[in-house]
Student: 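The structure follows.
First the proteins, then the strands, lettered A, B, ... as listed; each starts at 1. Everything numeric in this text was worked out from a predicted model, so none of it was measured.
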2 protein chains.
Amino acid sequence: MAGANAAVKIPVEMPVVEKRVRNRAATQQAILDAAKRLLAEEGFQNFGINAVARGAGCDKQLIYRYYGGLNGLVEAIGTDLGSWVNDRIPDDTGGMFLLTYGDLMERLSMLFLDALRADPLMRRIVAWEVSENSEQVRRLSEARSKALAGWIERMRGSLVPPKGVDAQAVNAMIFAAIQHIVLAAAVSDQCAGLTLKNGKDWEKAATALKRIVRGVYG
Amino acid sequence: MAGANAAVKIPVEMPVVEKRVRNRAATQQAILDAAKRLLAEEGFQNFGINAVARGAGCDKQLIYRYYGGLNGLVEAIGTDLGSWVNDRIPDDTGGMFLLTYGDLMERLSMLFLDALRADPLMRRIVAWEVSENSEQVRRLSEARSKALAGWIERMRGSLVPPKGVDAQAVNAMIFAAIQHIVLAAAVSDQCAGLTLKNGKDWEKAATALKRIVRGVYG
DNA sequence: CTTGCTAATCACCGATCGGTGACAGATTGG
DNA sequence: CCAATCTGTCACCGATCGGTGATTAGCAAG
């Protein structure tokens with residue numbers, strides 16, 4: 001820039017940027033936050049040590065020191081994931097009385113659909129899960145599925161699926177449908193020819209989903 | 001290995017590797033084949049100019065010359081995709097008489113499920129679609145959905161969905177479920193707690209899928 | 001054989017990647 | 001006050017990335 005001559009010897013009296021305090025806990029948190037933010041906003045494609053360090057505004061060496069590298073950092077994200085899920089998906093029944101297994105699954109479907117739509121980090125992780133099978137993503141996947149299974153179990157209460165229906169397989173299909181449609185919509189606003197832009201589109205999707213659930217469980 | 005001393009001065013009389021013939025068409029095809037193979041086997045993560053050139057056993061410069069770079073190459077893959085789909089998914093009804101829309105959708109679901117399970121390239125492309133929104137993947141996505149839509153339209157014949165059902169939305173859910181469950185199984189042999197390893201597991205998944213279809217369309 | 005044309009290769013560029021060793025500044029215990 | 005420890009920064013490494021001239025090598029027509 002102008003005036004960048006070396007002769008001036010002003011000792012940078014007070015650098016406008018406030019000095020970074022020496023605080024390990026805060027730095028660790030900043031790194032973790034930056035990692036989650038980066039993963040949520042940019043996806044797993046360019047997720048690496050350098051990017052996280054840039055995002056956290058610190059040296060990448062600290063990531064190695066405090067988390068033992070990217071693997072450890074991802075693991076820390078996974079640990080966070082548990083509470084994350086429990087914070088974002090309601091545990092109660094929303095004031096409804098779930099009388100039948102169909103009631104339960106309809107409600108679970110809607111809650112999961114909305115939660116996933118509202119959670120970019122979780123979406124990126126799901127996309128990562130179906131794209132790679134590294135150690136990193138396996139850890140994340142495990143944490144996610146465990147948290148999810150726990151939530152479902154808590155919601156289920158004492159309700160049991162009707163006889164003659166392989167509920168595990170059917171539910172896997174339903175959750176798979178939700179995950180894929182939300183992922184597809186997040187990147188291209190559509191899925192299998194169905195436009196998913198505004199709330200009205202999502203209303204149609206939700207209705208179709210409920211119809212599917214009711215078609216199986218009544 | 002043994003005997004690899006540098007003193008021997010045999011002028012490599014006849015390098016075992018046969019000399020590459022000067023043949024533009026063949027080279028172009030080799031590049032395209034290598035690209036498809038790489039994408040199918042390694043995924044889109046490490047899919048790049050250098051990797052394709054290595055796989056094709058030629059210089060990357062030729063990819064720029066013949067395809068105008070990676071974008072053009074991906075476009076060529078997309079063009080291939082159309083015939084690819086039509087080759088791999090049967091157009092007939094398998095000797096069945098599809099009397100109802102439910103019959104049709106059940107058959108389409110099974111065909112699509114099997115086709116996707118058997119086609120690693122298509123799987124990688126689907127995973128790519130939900131992970132990124134670059135120009136490249138958009139081209140591929142468009143080619144895929146167009147080929148798929150054409151196939152469905154051809155199979156549909158004159159059958160129409162029952163009144164009172166948003167078939168477009170429901171079918172999007174069904175296809176989303178198939179895609180996600182196949183992708184998840186391909187990388188981790190499971191989906192939403194459902195194990196998907198052997199044929200028996202897939203039988204259960206197929207049954208669940210049919211039950212869902214029949215639940216909606218009867 | 002010579003002359004063009006073109007297929008194909010080589011060499012190199014700057015940028016970025018993951019990873020590491022050395023060092024500087026602050027804090028703390030003795 | 002000194003020394004050890006901890007936090008943070010910097011410089012550098014080799015490898016790989018996408019991308020681009022310049023060059024070599026084979027083929028065919030004259």
Student: If you only use heavy atoms from C-beta on, which nucleotide in dG19(C), dT9(C), dG19(D) is closest to the side chain of Leu62(B)?
Tutor: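 Closest of the options to the side chain of Leu62(B): dT9(C).
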Student: Among all residues two or more places apart in sequence or in another chain, which pass the salt bridge (Lys or Arg N to Asp or Glu O under 4.0 Å) test with Glu75(B)?
Tutor: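 By the salt bridge (Lys or Arg N to Asp or Glu O under 4.0 Å) rule, Glu75(B) matches Arg139(B).
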Student: I need the CD1-P distance between Ile63(A) and dC17(C), as an integer number of Å.
Tutor: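 Whole-Å distance recorded here is 12 Å.
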Student: Output a table of nitrogen or oxygen pairs between the protein and nucleotides 28-30 of chain C separated by less than 3.5 Å.
Tutor:
none

Student: Any donor-acceptor pair, under 3.5 Å, between the side chain of Arg65(B) and the base of dA7(C), if you only look at N and O atoms?
Tutor: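 In this structure, the two groups form no donor-acceptor pair.
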Student: Can you list everything that forms a side-chain contact (heavy atoms from CB on, under 4.5 Å) with Asp80(A)? Sequence neighbours excluded, please.
Tutor: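 Leu32(A), Lys36(A).
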Student: Output all residues satisfying salt bridge (Lys or Arg N to Asp or Glu O under 4.0 Å) with Glu41(B), sequence neighbours left out; order by chain, then residue number.
Tutor: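 Partners of Glu41(B) by the salt bridge (Lys or Arg N to Asp or Glu O under 4.0 Å) criterion, ordered by chain and then number, come out as Arg37(B).
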Student: Report yes or no: is there a donor-acceptor pair, N or O only, under 3.5 Å between the side chain of Arg22(A) and the base of dC6(D)?
Tutor: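 Yes.
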Student: Out of curiosity, Asp189(B) CG to Leu194(B) CG, how far, rounded to the nearest 0.5 Å?
Tutor: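 It comes to 11.5 Å.
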Student: Counting only non-hydrogen atoms, which of residues 42-53 of chain A are less than 4.0 Å from DNA chain C?
Tutor: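 Correct list: Gly48(A), Ile49(A), Asn50(A).
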Student: Side chain of Arg54(B) only, please: which of dC17(D), dA26(C), dT9(D) is the nearest?
Tutor: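 It is dC17(D).
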Student: Only pairs at least two apart or in different chains count here, so list each side-chain hydrogen bond (donor to acceptor under 3.5 Å, both in side chains) that has a residue in residues 109-126 of chain B.
Tutor: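 Passing the test, one end in residues 109-126 of chain B: Trp84(B)-Asp119(B).
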Student: Can you list the residues that meet the salt bridge (Lys or Arg N to Asp or Glu O under 4.0 Å) rule with Arg138(A), with sequence neighbours excluded?
Tutor: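 Per chain and number, Arg138(A) pairs via salt bridge (Lys or Arg N to Asp or Glu O under 4.0 Å) with Glu135(A).
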Student: Lys204(A): which residues meet the salt bridge (Lys or Arg N to Asp or Glu O under 4.0 Å) condition with it, sequence neighbours left out?
Tutor: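 None.
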Student: Let me have the donor-acceptor pairs involving side chains of residues 47-59 of chain A, under 3.5 Å, with sequence neighbours excluded, atom names and distances please.
Tutor:
from, atom 1, to, atom 2, distance (Å)
Asn50(A), OD1, Lys60(A), NZ, 3.0
Asp59(A), OD1, Gln61(A), N, 2.9

